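Beneath this line is the structure, given in structure tokens, with notes to follow.
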There are 2 protein chains.
Amino acid sequence: MVQHNSLYRDEHLEVDFQRNLVTLDSAALVLTRKEFELLALLVANACEIVPRDVLLMRVWGYSREIRTRTLDVHIRRLRKKLSRYGDQYIETIFGVGYRFQRYREPSRIPSYLPTFMATVA
Amino acid sequence: MVQHNSLYRDEHLEVDFQRNLVTLDSAALVLTRKEFELLALLVANACEIVPRDVLLMRVWGYSREIRTRTLDVHIRRLRKKLSRYGDQYIETIFGVGYRFQRYREPSRIPSYLPTFMATVA
DNA sequence: AGCCGGTTTTACATTTCTTTTACAAGTTAA
DNA sequence: TTAACTTGTAAAAGAAATGTAAAACCGGCT
């Protein structure tokens with residue numbers, strides 16, 4: 001069964017799950033196998049928390065209880081390659097795992113102000 | 001088996017017990033694990049007093065007789081994160097414990113006056 | 001063998017979360 | 001009222017997770 005339209009896309013990032021292609025600001029992003037698998041898994045579950053165990057299981061085949069820092073290292077490389085969007089795209093959920101977030105235009109409006117007031121600032 | 005409707009909601013606060021999500025005035029409230037567990041336990045027993053022992057037992061696994069101020073500290077952090085509703089939501093029952101109260105619109109009518117007189121003030 | 005790209009480990013720094021400490025402030029009972 | 005006790009609070013200490021750079025490892029290649 002062939003799945004069509006299997007790609008993620010937002011303002012800056014594009015991930016083609018079929019062809020293992022990633023594009024950042026319309027420039028190809030070269031990722032290693034593990035880096036791609038990790039990113040793909042996170043992006044496939046965009047906006048949802050993916051626990052460390054799940055990542056370690058699905059990307060590395062590690063069962064729980066295996067103590068390793070390789071996940072963190074790969075996360076770091078991904079963030080680096082995502083350059084200035086790295087931290088925004090890949091959010092760490094302390095004690096749980098990571099979450100990929102869709103790109104959102106940064107708002108200069110303080111979020112604690114009601115919308116109708118914010119137009120002034 | 002998926003349990004539906006496992007959430008609390010009032011005018012300002014929303015607690016999703018399933019997903020560990022809390023929203024204050026429709027803005028996500030980031031809580032640590034302990035903070036969430038504490039709030040969840042209180043909210044789950046809304047309008048009822050939850051004794052300190054119970055909180056310390058269910059959230060920390062502490063048996064009675066353990067002298068600690070960590071509960072108070074966490075209560076404080078919760079109140080702070082609930083910002084201006086903190087004191088209203090989390091009520092202290094001296095010598096017993098705490099009670100979460102549903103939000104009630106503050107009335108500018110002195111409560112010691114009969115309603116029909118209050119229209120003048 | 002030696003090189004090379006990819007991956008993992010190591011060791012330490014940093015950050016985040018939790019608990020304790022010490023004291024202030026509030027409450028109750030005598 | 002004071003004395004005993006409870007809760008509030010800020011700051012320090014402690015514990016644990018994550019970030020990071022660099023070294024070590026590993027398999028495929030020439």
Side-chain angles (χ1 to χ4, degrees), chain A residues 20 22 28-42 49-101, chain B residues 20 22 28-42 49-101:
Chain A
N20 296 31
V22 181
L29 201 61
V30 292
L31 300 179
T32 69
R33 190 176 2 263
K34 282 277 157 66
E35 284 167 357
F36 177 81
E37 287 178 29
L38 179 54
L39 179 63
L41 187 45
L42 287 172
I49 297 172
V50 185
R52 290 180 70 94
D53 340 357
V54 174
L55 294 168
L56 282 168
M57 185 66 235
R58 307 256 328 248
V59 176
W60 281 270
Y62 289 179
S63 62
R64 207 173 312 237
E65 286 109 24
I66 290 188
R67 192 179 64 91
T68 179
R69 323 267 319 98
T70 195
L71 170 56
D72 309 73
V73 174
H74 276 83
I75 288 287
R76 159 151 174 77
R77 297 229 185 83
L78 271 182
R79 283 185 171 142
K80 210 164 198 173
K81 291 192 175 178
L82 292 169
S83 63
R84 71 169 181 281
Y85 311 113
D87 288 323
Q88 191 178 127
Y89 274 134
I90 301 182
E91 178 188 4
T92 102
I93 311 298
F94 192 92
V96 186
Y98 294 92
R99 170 168 53 187
F100 178 87
Q101 291 282 38
Chain B
N20 295 39
V22 180
L29 201 61
V30 293
L31 300 179
T32 69
R33 196 180 346 269
K34 281 276 156 65
E35 285 167 357
F36 177 82
E37 286 178 29
L38 180 54
L39 179 64
L41 186 46
L42 287 171
I49 298 173
V50 185
R52 290 180 69 94
D53 338 358
V54 175
L55 293 169
L56 282 168
M57 185 65 236
R58 306 254 330 246
V59 176
W60 281 270
Y62 288 0
S63 61
R64 209 172 312 236
E65 287 109 24
I66 290 187
R67 194 178 62 90
T68 179
R69 322 269 318 98
T70 196
L71 170 56
D72 309 74
V73 174
H74 276 84
I75 288 287
R76 159 151 174 77
R77 297 227 185 86
L78 270 183
R79 284 183 171 143
K80 209 165 199 173
K81 290 191 176 178
L82 292 170
S83 63
R84 71 171 182 281
Y85 311 113
D87 288 323
Q88 190 178 127
Y89 274 133
I90 301 181
E91 179 187 3
T92 300
I93 312 297
F94 190 92
V96 185
Y98 295 93
R99 171 168 54 187
F100 178 87
Q101 292 282 37

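Chain letters run A, B, ... following the sequence lines, proteins first, then strands; residues in each count from 1. Small disclaimer: the values here were computed from a predicted structure and weren't measured.
Distance Ile75(A) CD1 to dT8(C) C1': 15 Å, rounded to the nearest Å. Distance Leu55(A) CG to dT8(C) P: 13 Å, rounded to the nearest Å. Straight-line distance from the CG atom of Asp72(A) to the C1' atom of dT9(C): 12 Å, rounded to whole Å. The nearest whole Å value for the distance from the CD1 atom in Ile49(A) to the P atom in dT18(D) is 12 Å. For the pair Glu35(A) CD and dG5(C) P, the interatomic distance rounds to 14 Å; values are reported in whole Å. The distance between atom CG of Leu31(A) and atom C1' of dT7(C), rounded to the nearest whole Å, is 15 Å.
Judged by distance alone, the side chain of Arg99(A) and the main-chain N or O of Ile93(A) form no donor-acceptor pair under 3.5 Å.
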Show your reasoning for whether side-chain contact (heavy atoms from CB on, under 4.5 Å) applies to Leu42(B) and Ile75(B). CA-CA 10 Å; Leu42(B) 287 171; Ile75(B) 288 287; 4.1 Å; yes

Starting from the C-alpha separation in whole Å, work towards a yes-or-no answer on side-chain contact (heavy atoms from CB on, under 4.5 Å) for Leu56(A) and Ile66(A). CA-CA 9 Å; Leu56(A) 282 168; Ile66(A) 290 188; over 6 Å; no

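Close to dG8(D), at under 4.0 Å from its OP1 or OP2, lies a side-chain N or O of Thr92(B). One finds no side-chain N or O of Trp60(A) lying less than 4.0 angstrom from the OP1 or OP2 phosphate oxygen of dT7(C). Put simply, Thr32(A) has a side-chain N or O that comes within less than 4.0 Å of OP1 or OP2 on dT7(C). For dT20(D), neither phosphate oxygen OP1 nor OP2 lies less than 4.0 angstrom from any side-chain nitrogen or oxygen of Lys80(A). The side chain of Tyr98(B) places an N or O atom within less than 4.0 Å of a non-bridging phosphate oxygen (OP1 or OP2) of dG8(D).
Taking each heavy atom of Gln101(A) and Gln88(A) in turn, the nearest pair found is CB-O, 3.8 Å. Thr32(B) and Lys81(B) get closest at one heavy-atom pair: N-NZ, 4.4 Å. Looking at every heavy atom in both residues, Lys34(A) comes nearest to Val59(A) through CE-O, 3.5 Å.
Side-chain proximity of His74(B) to dG8(D), dT7(C), dT19(C): nearest is dT19(C).
Expressed to the nearest 0.5 Å, how far OH of Tyr89(A) lies from CG of Leu39(A) amounts to 10.0 Å. Rounding to the nearest 0.5 Å gives a distance of 10.5 Å between CZ of Phe100(B) and CG of Leu78(B).
Side-chain N/O atoms of Thr92(A) and Arg79(A) include no donor and acceptor closer than 3.5 Å.
Residues Leu31(A) and Asn20(A) have side chains not in contact (no heavy-atom distance under 4.5 Å, counting atoms from C-beta outward).
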Sequence-aligned protein contact record of nucleotides 20-30 of chain C, with B where the base is within under 4.0 Å of a protein heavy atom and S where only the sugar-phosphate is: BBB---BSS--

Show the distances under 3.5 angstrom between N or O atoms of the protein and N or O atoms of nucleotides 25-28 of chain D.
none

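Of the residues listed (Ile49(A), Leu41(A), Val50(A), Asp72(A)), the one engaging Tyr98(A) in a side-chain contact (heavy atoms from CB on, under 4.5 Å) is Asp72(A), and it is the only one.
His74(B) and Trp60(B) have perpendicular rings, their planes meeting at more than 60° on a 0 to 90° scale where under 30° would count as parallel.
Taking five base pairs at each end of the helix from dA1(C)-dT30(D) to dA30(C)-dT1(D), the local helix axes there meet at an angle of 20°, rounded to 10°.
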